[in-house]
Amino acid sequence: MMPLLTTKGLSRNFGGLRAVDGVDFALMPGEIRAVIGPNGAGKTTFVSLVSGRIQPSSGMIVFDGADITSLPAYARVRLGVAYTFQITSVFANLTAYDNVALPVQRTLTDGRSKGAVHAGVMAALERTGLADRAHMQAGHLSYGHQRLLEVAMGLALKPRLLILDEPTQGLADSEIDNFIGLVREIANSATVLLIEHNMPVVMQLADRITVFNAGRILAEGTPEQIRANAEVQDAYLGATHG
Amino acid sequence: MSEASPAKAYALHLGVIALLFALSFVLPAYHHGLLARIMVLAVFAMGYNMLFGYVGLLSLGHAMFFSAGLYGAGLTVYHFGWSVPAAFAAGLACGALLALAIGLLALRTSGVAFMIVTMMFAQVFYLVILYFAAWTGGDQGLVVPQPARILVLGSASLDLTNPTVRYMSALALFSIVLLVTLAIVRSRYGRVLVAIRENEGRTKMLGYDTFSNKLAAVVVSGAICAASGAAYALLFGYVGSSFASVQYSILPLLWVLLGGIATTLGPLIGTLFMYYVVDVTSGYTSAYLLIVGIALILLVLFFPKGILGTIRQRWLGWLP
């Protein structure tokens, strides 16, 4: 089977800092992949390169067999690469409805979905449990609901690859359980790339885990393999070995 | 703005148009003439509001789009003897093309730089008008003669210098632009424009080419302002370089801020208010600008979102 996403020698420098350093990465369709690593390891920079929010210094990104390295972010979104933000950035002054209507009408314009805007919006809001808050201003929603709205917007883009950047940050434990169920459901129709600090969430959700450290991939494997990997424990889990 | 109460919104707008129509038959001559002028200039304000209110781009150069329409229509009538509809179309085309060219350049900037760039282009436009004084009349301007301002429609002919014809023509233009504006801001495209105003980076990450959307908005805005300018030349018969000066870039900003930014009817309210404050106060004192200034300060204090903007925020959330 051909990978949905491949990067070859992907690098990005910020001044003298090599935030992402020659990363070769492959993601199979249908997978839930978690990306973990200590702060500053280059995780967010890596997914920003994939989504097109920033341009790479060198290297190549291939999505579904096509080289997308030089495509602007909006064009990648239209191919099915959706990114949800680490820091919640819903449109605070618009209603939840309008927030989701924007991605829904985009997919309608691109011919990637059919039907009325209203039906598409309500479907995405219902999947995330926000339907009864459709006409609330997004900025007035609770933090947890804003995170869910962010996911609803990602879903409404009909992504083939959904990138979730620290989605459970700031959520209560009860909200996290619902969230895990939601991501599992999303994974039925999309490939998920998840940056996450909460290890129980990672261990429950991920099919495979990629560990970043200092801009490079330190290790990659199933949750069991990663848990057992001594290098990872040194770099990230903070365990000391005698 | 989504799909809440479309019927209410359209009813209100049609009601305003009906009211303006009825006023034509009851207003005394002086106010009748003034209101015709206000409606044409409210179109200018609506064009400005399209870009400033809905996309959040503050231009300080919209006088150039207004005067592109003014001169595009005025010069073709004056020098080439074009008919009224052809001259109006020429004015509209000049404004739209100028907006496309300026947009391509100015949209490479944002924020304060955008303000400065648009203002500089408008100054260039102003100086070009003065430079070609042989054609434009320089700072004296041109008066379009009465025989050139007759609209021939089949066998009928309408004299645009007749007060009632002038008022109804102004109302027709105003109504069309008002309804078009309402349709745009309620459309999918309008939703994208507001999203760009609220958070451009996020809008890109939802798959929107924000540059193209902004460019289209500049062209629509420029075309509406040019329509206002072209109508002004044909209805009031004066084509002057003062309309290209920086003052006429600031005025639509003031009108929109007063009436209510990003409201469809705000531009009319703001233009009306400003005109009548000047009109009433200048009847009492030569220091009327002092009173205008005080009125503006009071408005900013008590109606920070403009007259309609504050009404929408406090009482009528459904106003488009």
Side-chain angles (χ1 to χ4, degrees), chain A residues 47-48 51-54 71-85 87-110 112 116-118 120-122 134-139 149-150 152-159 163 165, chain B residues 1-9 52-57 107-108 183-217 260-263 304-306 309-310 312-320:
Chain A
V47 294
S48 296
S51 69
R53 289 180 68 214
I54 54 178
L71 281 189
Y74 71 84
R76 298 187 198 191
V77 176
R78 294 179 193 178
L79 289 177
V81 182
Y83 178 86
T84 71
F85 282 69
I87 298 153
T88 301
S89 68
V90 295
F91 297 98
N93 292 326
L94 305 187
T95 59
Y97 183 97
D98 278 332
N99 269 275
V100 181
L102 283 159
V104 168
Q105 67 187 38
R106 181 71 250 165
T107 60
L108 289 170
T109 308
D110 295 343
R112 294 197 296 121
V117 172
H118 185 78
V121 172
M122 294 319 289
H135 292 289
M136 273 180 76
Q137 209 175 312
L149 181 60
E150 184 84 46
M153 291 161 78
L155 275 179
L157 282 172
K158 305 266 174 223
I163 300 171
D165 196 348
Chain B
M1 140 190 152
S2 52
E3 86 287 41
S5 52
K8 245 190 205 170
F52 175 52
Y54 291 96
V55 196
L57 286 169
L107 284 176
R108 300 163 73 94
I184 289 177
V185 304
R186 295 185 53 84
S187 71
R188 291 183 186 183
Y189 176 60
R191 185 182 275 139
V192 176
L193 294 185
V194 170
I196 291 174
R197 178 188 77 198
E198 294 293 319
N199 186 341
E200 183 170 353
R202 187 70 179 99
T203 311
K204 275 184 197 162
M205 294 312 293
L206 292 175
Y208 291 97
D209 177 358
T210 54
F211 182 87
S212 305
N213 280 293
K214 286 194 291 185
L215 184 61
I261 182 169
T263 60
K305 299 199 161 179
T310 306
R312 170 165 71 186
Q313 188 186 22
R314 297 215 183 132
W315 299 292
L316 302 174
W318 55 271
L319 275 181

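Treat the numbers as computed from the prediction; the structure is a model and nothing was measured. Reminder, nothing fancy here: chain letters follow the sequence lines and each chain counts from 1. Only heavy atoms go into these numbers, but all of them, side chains included; no hydrogens, no water, no symmetry mates.
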- Message: For the CG atom of A/L157 and the CE atom of B/M205, what is their distance to the nearest 0.5 Å?
- Response: 9.0 Å
- Message: Less than 4.5 Å to any heavy atom of chain B: does that hold for the side chain of A/Y83, its backbone, both, or neither?
- Response: both
- For A/N93 and B/R197, what are the C-alpha separation, side-chain angles and deciding distance, and is it a side-chain contact (heavy atoms from CB on, under 4.5 Å)? CA-CA 11 Å; A/N93 292 326; B/R197 178 188 77 198; 5.9 Å; no
- Query: Under 3.5 Å, is there a donor-acceptor pair between the side chain of B/E198 and the main chain of A/F91?
  - Reply: no
- Query: Counting heavy-atom pairs under 4.5 Å to chain A, which of B/G201, B/A195, B/G207 comes out on top?
  - Reply: B/G207
- Item | Candidate list A/N99, A/L102, A/V77, test side chain to side chain contact (heavy atoms under 4.5 Å, CB included), partner B/L206, passing option | A/L102
- Between OG1 on residue A/T109 and OH on residue B/Y189, distance to nearest 0.5 Å: 13.0 Å
- Message: Evaluate B/V192 against A/Q105 for side-chain contact (heavy atoms from CB on, under 4.5 Å), listing each step before the verdict.
- Response: CA-CA 10 Å; B/V192 176; A/Q105 67 187 38; 3.3 Å; yes
- Item | Residue part contacting chain A, namely of B/T203, when any heavy atom lies under 4.5 Å | both
- Message: Only pairs of heavy atoms separated by less than 4.5 Å count here; which of A/A73, A/S89, A/P103 has the most with chain B?
- Response: A/S89
- Taking atom CZ of B/R108 as the centre, report whether more than 12 heavy atoms of other residues, nucleotides or ligands fall under 6.0 Å from it. no
- Out of curiosity, B/R202 CZ to A/E150 CD, how far, rounded to the nearest 0.5 Å? 4.5 Å
- Query: For the residue pair B/Y208 and A/Y74, what are the closest heavy atoms and their distance?
  - Reply: O-CB, 3.3 Å
